[in-house]
Undergrad: 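Input: one structure, supplied below.
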There are 2 protein chains.
Amino acid sequence: MANIRDVARHASVAPMTVSRVLNQPDAVSVETRMRVEAAIQELKYVPNMVGQGLRKRRTMALGLLVSDITNPFAIQQIQGVTRAARESDYTVIFGHTESSPAEEMRQLRSLIERRVDGVLLSPVYGTPEAIDFVREQSLPIVVLDYAMPDMDVDVVRCDTRAASRELTRYVLERGHERIAMLSGDEAIITARDRATGFQEAMAEAGLPAPVSFGHYTSESGFEMAMGMLDSPRRPTALVTASNFIAMGAAEAAQELGLAVPDDLSIVTFDNARTDMVHDPFFTGVVQPVTEMSSAATVMLLDRILGRYDGPGRDEIFPTSFEAHRSTAPPPGT
Amino acid sequence: MANIRDVARHASVAPMTVSRVLNQPDAVSVETRMRVEAAIQELKYVPNMVGQGLRKRRTMALGLLVSDITNPFAIQQIQGVTRAARESDYTVIFGHTESSPAEEMRQLRSLIERRVDGVLLSPVYGTPEAIDFVREQSLPIVVLDYAMPDMDVDVVRCDTRAASRELTRYVLERGHERIAMLSGDEAIITARDRATGFQEAMAEAGLPAPVSFGHYTSESGFEMAMGMLDSPRRPTALVTASNFIAMGAAEAAQELGLAVPDDLSIVTFDNARTDMVHDPFFTGVVQPVTEMSSAATVMLLDRILGRYDGPGRDEIFPTSFEAHRSTAPPPGT
DNA sequence: CTGTTAGCGCCTTCAC
DNA sequence: GTGAAGGCGCTAACAG
């Protein structure tokens with residue numbers, strides 16, 4: 001594998017000239033450039049970014065950590081980040097944390113070891129440690145989909161509490177009165193916010209607002225739904241805080257012989273965008289994940305390239321709503 | 001951000017000793033080691049793998065290129081590779097080629113620039129250029145899910161032609177006689193092999209074997225299905241060569257007022273594994289993608305670490321079969 | 001067990 | 001417009 005000196009020798013120039021041909025071609029005379037380019041071709045020279053990164057102290061790589069790669073949500077994050085990064089000639093080194101804070105720290109460390117120029121983190125529990133860890137290496141970081149109150153850090157997210165209120169109102173407007181919420185881990189701020197939004201909307205309607213906290217998994221959704229539905233005055237509608245919880249709830253309904261949506265309506269968060277799924281089933285809130293992730297990447301690049309270095313920005317994107325087949329009026333109406 | 005010399009100074013040792021503490025702790029006396037470790041803690045030193053990579057001429061990174069990250073198939077590949085890589089302390093730098101050969105070459109180049117220690121490629125069209133390009137940099141490469149006859153290269157795949165034969169036989173055994181195949185781009189070997197397997201099984205049964213070639217997308221599946229189904233003596237079953245084609249075909253059926261499976265059975269390849277999808281719909285062939293990808297990663301590491309350097313290996317994994325809700329006997333039986 | 005020297009591939013700086 | 005010197009952070013090889 002040829003290096004820059006091999007090319008230089010082959011073209012009878014100094015290594016520096018080869019470097020110029022690659023990085024500032026206009027600073028080299030046409031004839032020299034052509035000779036160097038011929039040598040590059042001939043030796044099949046591919047520049048070594050490891051050397052370059054060491055010297056320039058810039059790797060042109062961004063780190064991206066998502067929680068759960070099996071979630072379509074994460075795929076959209078990856079797409080959004082990759083797309084924006086590519087436009088600035090940045091590579092994305094991505095890892096998934098399997099929703100484990102320990103793994104999150106391990107992966108962050110690995111990204112720092114590789115000296116990525118910045119980090120995009122979709123956190124598990126949003127503990128300050130992860131952010132501090134990156135910061136103490138004076139690396140810029142942007143947080144995805146996780147509110148960080150009282151932390152001076154760039155965040156890109158949605159107003160998930162308001163979205164939850166509206167989602168609940170939608171169900172109320174369909175005539176439901178016995179509605180329960182299945183949320184995620186109470187330690188996760190989106191899980192709390194979504195529960196709060198639900199409770200606010202139910203309070204407006206003067207109705208009780210039962211909430212289960214569990215995890216953002218279908219297993220947990222199944223269990224929580226079984227708990228909520230196992231009662232004579234069972235809810236006629238469930239508001240779930242994630243697509244996986246919704247799936248688990250739908251399984252529980254099936255297990256109990258309840259038809260969705262005829263016997264039980266289900267609405268959810270984190271719906272995958274329609275164009276990713278054939279015949280979407282769940283009615284719910286859709287976040288512009290790809291756009292958010294691209295925006296977050298641009299914010300990160302702003303920091304890296306020195307285009308911005310003020311206080312942390314909290315960029316909030318609007319959510320939208322998609323009605324599909326998982327909702328109907330309550331049974332008996 | 002501290003470097004190894006800062007740590008050395010802080011612990012009153014030579015940089016080399018710090019390096020030893022990190023890489024061969026047993027070669028350092030306990031007291032020295034403790035002093036160095038204290039300095040590392042205090043300075044929050046994180047080793048720089050860029051410098052290390054330059055010196056060792058090893059980056060401890062593998063490149064992985066998948067075609068289409070929105071495909072659950074690709075997610076499983078990423079998981080399998082990441083898992084196996086992690087066990088050997090390797091990082092995965094992954095990219096998606098958006099099913100474009102030009103992008104594939106661009107991404108390969110980017111991986112080479114970063115001097116990954118080896119490449120895992122799930123090719124678009126399986127042209128030799130991509131492989132030669134990697135090889136001429138004397139980098140090892142393993143090909144995923146793509147037969148490479150006449151190329152001396154490591155491949156991990158399934159016997160997709162045999163699987164297609166069996167899949168077709170399953171449909172025949174259900175009593176169907178008018179069966180059509182919707183395949184992918186004829187330039188893609190799996191698309192050809194799956195068509196061939198279908199034709200072989202149909203020939204065994206003495207039946208005509210109409211095949212459409214299109215693309216591995218739901219749009220193409222929709223169009224091909226519309227073409228095949230728009231006839232009085234339309235097929236009662238479709239064999240599709242990918243999950244996306246199956247989705248498109250199901251949409252076409254819906255558009256034509258045909259119920260799946262009552263009016264039309266659909267079987268497919270590239271089914272996502274059951275545990276990734278709520279209530280799987282399509283009957284079809286399931287490949288052990290995660291295992292295959294892990295195995296491919298191990299094969300690659302064999303080359304990288306010099307555990308193997310013989311001729312290219314063609315490792316063929318068995319497929320399995322999952323019956324779900326998209327198949328029934330032909331209408332009127 | 002510890003240290004010194006030198007160089008991996010590249011580019012910043014300065015000189016010509 | 002071109003080149004020489006030096007160093008980014010790290011470790012192989014050798015010395016003590």
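Side chains are part of it too, since the values below use all heavy atoms of this structure and drop only hydrogens, waters and symmetry mates. Just so it is clear: chains get the letters A, B, ... in the order the sequence lines come, proteins before strands, and each one is counted from 1. All values derive from a computational prediction rather than experimental measurement.
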Undergrad: Once you round it to whole Å, what is the distance between P of dG9(D) and CG of Leu43(B)?
TA: 14 Å

Undergrad: Is the shortest distance from a Lys or Arg side-chain nitrogen in Glu103(B) or Arg86(A) to a carboxylate oxygen in the other one below 4.0 Å?
TA: yes

Undergrad: Using whole Å, what does the distance between atom C1' of nucleotide dG7(D) and atom CE of Met16(A) come to?
TA: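 The answer, rounded to whole Å, is 14 Å.
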
Undergrad: In terms of side-chain geometry, is the basic nitrogen of Arg109(A) or Glu113(A) positioned less than 4.0 Å from the acidic oxygen of its partner?
TA: yes

Undergrad: Any side-chain N or O of Thr32(B) less than 4.0 Å from the OP1 or OP2 oxygen of dC1(C)?
TA: no

Undergrad: Rounding to an integer number of Å, can you tell me how far Met49(A) CE sits from dC10(C) P?
TA: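 For the pair Met49(A) CE and dC10(C) P, the rounded distance is 11 Å.
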
Undergrad: Under a 4.0 Å threshold between the charged nitrogen and the carboxylate oxygen, would Asp154(B) count as salt-bridged to Arg313(B)?
TA: yes

Undergrad: Report which part of the nucleic acid Pro47(B) touches: base, sugar-phosphate, or nothing (heavy-atom distance under 4.0 Å, all strands).
TA: sugar-phosphate

Undergrad: For Leu22(B) and dT11(D), what is the distance between atoms CG and P respectively, to the nearest whole Å?
TA: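 Answer to the nearest Å: 7 Å.
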
Undergrad: Let's test your reading of the model: under 3.5 Å, does the base of dG3(C) pair with the side chain of Arg20(B) as donor and acceptor?
TA: yes

Undergrad: Return the 5'-most residue of the pair Ala27(B), Ser19(A) with respect to DNA chain C, ranking by each residue's nearest nucleotide.
TA: Ala27(B)

Undergrad: Between dG9(C) atom P and Asn23(A) atom CG, what is the distance in whole Å?
TA: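 Those two atoms, CG and P, are 17 Å apart.
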
Undergrad: Figure out the CZ/P separation between Arg55(B) and dC10(C), and round it to whole Å.
TA: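 Interatomic distance, CZ of Arg55(B) to P of dC10(C): 16 Å.
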
Undergrad: Over how many whole Å does the gap from Leu54(A) atom CG to dC8(C) atom P extend?
TA: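 Leu54(A) atom CG is separated from dC8(C) atom P by 13 Å.
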
Undergrad: Can you list, in residue-number order, the parts of residues 1-14 of chain A that come under 4.0 Å of DNA chain C, counting heavy atoms only?
TA: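 Contacting residues: Asn3(A), Ile4(A), Arg5(A).
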
Undergrad: Report yes if at least one side-chain N or O of Arg115(B) is closer than 4.0 Å to OP1 or OP2 of dG9(C); otherwise report no.
TA: no

Undergrad: Report yes if a side-chain nitrogen or oxygen of Thr17(A) is closer than 4.0 Å to either non-bridging phosphate oxygen (OP1 or OP2) of dT2(D); otherwise report no.
TA: no

Undergrad: State whether Arg9(A) and Asp6(A) are salt-bridged, where the test is any N-O pair (Lys NZ or Arg NE/NH1/NH2 against Asp/Glu carboxylate O) under 4.0 Å.
TA: yes

Undergrad: State, to the nearest 10°, the angle formed by the axis through the first five base pairs of the helix from dC1(C)-dG16(D) to dC16(C)-dG1(D) and the axis through its last five.
TA: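 Taking the rotation axis at each end, their angle is 40°.
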
Undergrad: Round to the nearest Å and state the distance from Gln52(B) atom CD to dC8(D) atom P.
TA: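 Distance, rounded to whole Å: 18 Å.
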
